[in-house]
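Chain letters run A, B, ... following the sequence lines, proteins first, then strands; residues in each count from 1.
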2 protein chains.
Amino acid sequence: MVTIKDIAKAAGVAPSTVSRALNDSPLISVETKRRIQRLAQRLGYERNELARGLVKGSFGALGLIVPDIINPFFAEITKGVEEAARERGFGVVLCTTEGDEAREEEYLRLLQRKRVDGLILASVTLDDPYLQKLQHSKIPFVLVSRLSKGIEAPYVVVDDKKGGRLATEHLADLGHKHIAFVGGPSNVHASRERMSAYRAVLSERGLPLKREWIVFASFTQEAGREVGRRLLSQSERPTAIFAANDLIALGIMEAAEELGLRIPDDLSLVGYNDIAYAGLPRIQLTTVAQPMREMGQIAANFVLDVVEGRKHASLAAVLAPRLVVRRTTAPPGRS
Amino acid sequence: MVTIKDIAKAAGVAPSTVSRALNDSPLISVETKRRIQRLAQRLGYERNELARGLVKGSFGALGLIVPDIINPFFAEITKGVEEAARERGFGVVLCTTEGDEAREEEYLRLLQRKRVDGLILASVTLDDPYLQKLQHSKIPFVLVSRLSKGIEAPYVVVDDKKGGRLATEHLADLGHKHIAFVGGPSNVHASRERMSAYRAVLSERGLPLKREWIVFASFTQEAGREVGRRLLSQSERPTAIFAANDLIALGIMEAAEELGLRIPDDLSLVGYNDIAYAGLPRIQLTTVAQPMREMGQIAANFVLDVVEGRKHASLAAVLAPRLVVRRTTAPPGRS
DNA sequence: TTGTACGCGTTATCAG
DNA sequence: CTGATAACGCGTACAA
């Protein structure tokens with residue numbers, strides 16, 4: 001690999017002069033600058049960012065931690081982050097945790113060792129105490145699609161209560177009286193918020209609130225299928241289900257299919273996230289859309305602003321969800 | 001951030017001793033080693049990999065270039081790469097190109113500047129001449145799910161000809177005589193291979209080969225819908241379509257729906273890739289499955305083997321595809 | 001405008 | 001077994 005020393009030798013100048021030329025410094029004559037720049041190009045010089053980072057204390061990369069890159073929800077966030085980072089010349093180190101806390105901590109250490117300039121945490125498992133440690137580490141970070149109870153940390157989220165309301169009210173407006181809720185893990189903020197909005201709406205409307213019709217599982221299709229089977233094979237089954245994400249909804253759809261229930265005739269179904277496949281021809285899932293890519297962009301740009309010194313002290317962005325009505329919801333059939 | 005110098009001072013030894021302790025070197029007494037290790041832990045020391053990378057000439061990270069992380073096909077590959085890298089203590093820098101060649105080159109330079117240890121190219125746009133340059137750069141790389149004509153480069157692919165055969169023969173076996181093919185970009189190797197297998201099967205079986213029934217588009221649902229509309233609204237329409245990936249197939253499904261055609265009654269449809277959503281309740285797409293995650297793992301492990309000195313000179317892995325028959329294919333209706 | 005000298009945090013080499 | 005010392009490639013005060 002060619003270094004600035006090589007260029008310096010070839011050009012008959014000092015390495016510092018080459019450095020100045022390559023960094024477009026004003027304290028160098030225009031002609032030597034251009035001469036050196038051309039030479040560098042011709043020699044195929046690529047700056048060593050390890051060395052530069054060592055000096056400047058900044059490597060030019062962001063760390064992104066997500067639970068699962070296969071999940072389109074996080075894929076969209078990732079895309080937003082990556083776009084924003086790329087536009088500003090930064091790299092993105094991708095870390096997936098599978099929801100495993102140990103792995104998350106392991107990755108966090110890896111990223112610190114690599115001296116990334118900032119962290120974007122779209123993961124959910126990390127406990128508050130660890131976040132506290134992170135705050136001391138001086139490396140800027142931002143929470144995406146999650147909050148932290150004890151810690152005051154910058155975040156960008158979508159208003160889950162509002163989203164939960166949109167979904168539940170839509171079902172109630174259609175005339176449903178027997179509405180169940182299927183969430184992700186019960187310790188995940190989003191799960192709880194959507195559930196609490198669901199409860200609030202039911203109680204406002206004077207609809208029955210059954211304990212057995214509030215289920216927490218995990219944010220996967222398999223979990224949705226299992227819960228769906230259980231929920232829909234009871235003698236008294238709900239006429240509508242609000243699922244806390246689209247994957248769960250798809251699993252429930254699968255279970256309904258198995259049990260010979262037609263959607264939306266026998267069962268109305270609302271999901272959450274509007275992942276790309278919710279709009280598929282035969283799926284046509286009614287769902288709550290979140291601006292996921294935008295979340296990623298906002299998060300990345302905030303961290304980069306902090307890194308580059310325009311110090312936004314904090315960030316508390318709450319974006320608005322949007323109900324997307326498709327074909328899995330209808331008034332309840334006469335039964 | 002605490003450095004080895006800080007630890008050295010605190011322990012009353014030289015920095016080099018600390019370095020030896022932290023690297024578990026044998027040329028240090030067991031007791032000082034342990035003492036220093038404990039001290040480092042207590043001080044919250046995290047090694048600076050920029051400095052380490054500078055002297056060792058290796059940063060401990062892989063660069064991964066994919067066209068689009070939203071596409072489940074590449075998300076799966078990414079997952080495989082990330083898993084393998086994590087297990088061996090490496091990070092992954094994610095780069096998405098949107099199929100834009102300029103962006104790919106830009107990223108390639110970024111990754112070189114960051115001195116990643118190896119490259120995994122799941123992108124398709126890069127031209128052979130550029131690969132040639134890459135070979136000179138001494139940084140090991142591997143092609144995933146693509147080949148290069150002129151250059152002898154390590155690769156891991158799935159046998160597209162075999163996959164194309166599986167799909168086309170399945171349709172022919174069902175009795176279809178009017179089979180169309182919809183590919184991705186015509187300059188993509190996978191597209192061409194699947195198409196050529198399609199042609200071979202048709203000619204072997206003595207089935208009519210219509211020029212208008214071979215269409216190249218792009219690997220997206222939108223493209224599939226457009227092509228589907230055109231193909232299916234002709235007076236003489238095919239009774240079966242082999243789509244070169246699942247997204248295209250889904251688009252075609254959408255178009256068929258719009259035109260009032262039932263699947264598989266009026267139209268049989270085979271996709272390619274078996275992305276997670278092909279198995280969805282109402283989609284149930286017959287498709288050709290590729291071991292995507294495995295490809296990612298094999299690719300990453302190969303590059304890492306090279307990096308770590310166990311020098312596999314080359315890699316030419318051809319994995320086998322698998323036909324997954326679901327509910328979008330059936331014998332042609334009487335017409 | 002340019003060159004010199006030093007430091008960033010680590011590892012490796014060579015004495016001791 | 002341990003301690004100096006140099007080197008990795010670059011940026012930057014300081015001197016010229």
Open item on the list: Over all strands shown, is B:Ile28 touching base, sugar-phosphate only, or nothing at heavy-atom distances under 4.0 angstrom?
Closed with: sugar-phosphate
- [ ] Give a yes or no on whether a donor-acceptor pair under 3.5 Å exists between the nucleobase atoms of D:dG3, that is its base, and the side chain of B:Arg20.
- [x] yes
Task: Minimum side-chain heavy-atom gap A:Leu134-A:Ile151 below 4.5 Å - done: no
- [ ] Could you tell me whether A:Ser16 contacts a base, only the sugar-phosphate backbone, or nothing, with contacts defined as non-hydrogen atoms closer than 4.0 Å?
- [x] base
TODO: Between B:Lys33 and A:Ile4, just flag the one whose closest nucleotide in DNA chain D comes earlier from the 5' side.
DONE: B:Lys33
Open item on the list: To the closest 0.5 Å, what do you measure between OG1 (B:Thr17) and CD1 (B:Ile4)?
Closed with: 9.5 Å
- [ ] Give the rounded distance in Å between these two atoms: NZ of B:Lys5 and C1' of C:dT10.
- [x] 9 Å
Task: Distance below 4.0 Å between B:Asn23 side-chain N/O and C:dT11 OP1 or OP2 - done: yes
Open item on the list: Using a 4.0 Å heavy-atom cut-off, does A:Ser29 contact any base of the nucleic acid, only the sugar-phosphate backbone, or nothing at all?
Closed with: sugar-phosphate
Task: Nearest-0.5 Å distance, CG of residue B:Leu131 to CZ of residue B:Phe141 - done: 5.5 Å
Open item on the list: Just verifying a value: how many Å separate B:Ile65 CD1 and B:Arg103 CZ, rounded to the nearest 0.5 Å?
Closed with: 11.5 Å
Task: B:Arg113 CZ - D:dG11 P separation (whole Å) - done: 12 Å
- [ ] Give a yes/no on whether any side-chain N or O of B:Ser19 is located under 4.0 angstrom from OP1 or OP2 of C:dT11.
- [x] yes
Open item on the list: Please report the distance, rounded to the nearest Å, between CG in B:Leu54 and C1' in C:dG7.
Closed with: 12 Å
Open item on the list: Can you measure B:Phe59 atom CZ to D:dC8 atom C1' for me and round it to whole angstrom units?
Closed with: 15 Å
Task: Lys/Arg-Asp/Glu bridge criterion (N-O < 4.0 Å) met for A:Asp160, A:Arg146 - done: no
- [ ] To the nearest Å, give me how far apart CG (B:Leu50) and C1' (C:dT10) are.
- [x] 11 Å
- [ ] Write down the distance between NZ (A:Lys114) and P (C:dT10), rounded to a whole number of angstrom.
- [x] 14 Å
TODO: Starting from C1' on C:dG9, measure out to CD on A:Gln112 and report it in whole angstrom.
DONE: 16 Å
Open item on the list: Does C:dA12 have its OP1 or OP2 closer than 4.0 Å to a side-chain nitrogen or oxygen of B:Lys56?
Closed with: yes
- [ ] Please report, rounded to the nearest Å, how far the P atom of D:dC14 is from the CG atom of A:Leu27.
- [x] 14 Å
Open item on the list: Given C:dT10, D:dG3, C:dG3, identify the nucleotide with an atom nearest to the side chain of A:Val13.
Closed with: C:dG3
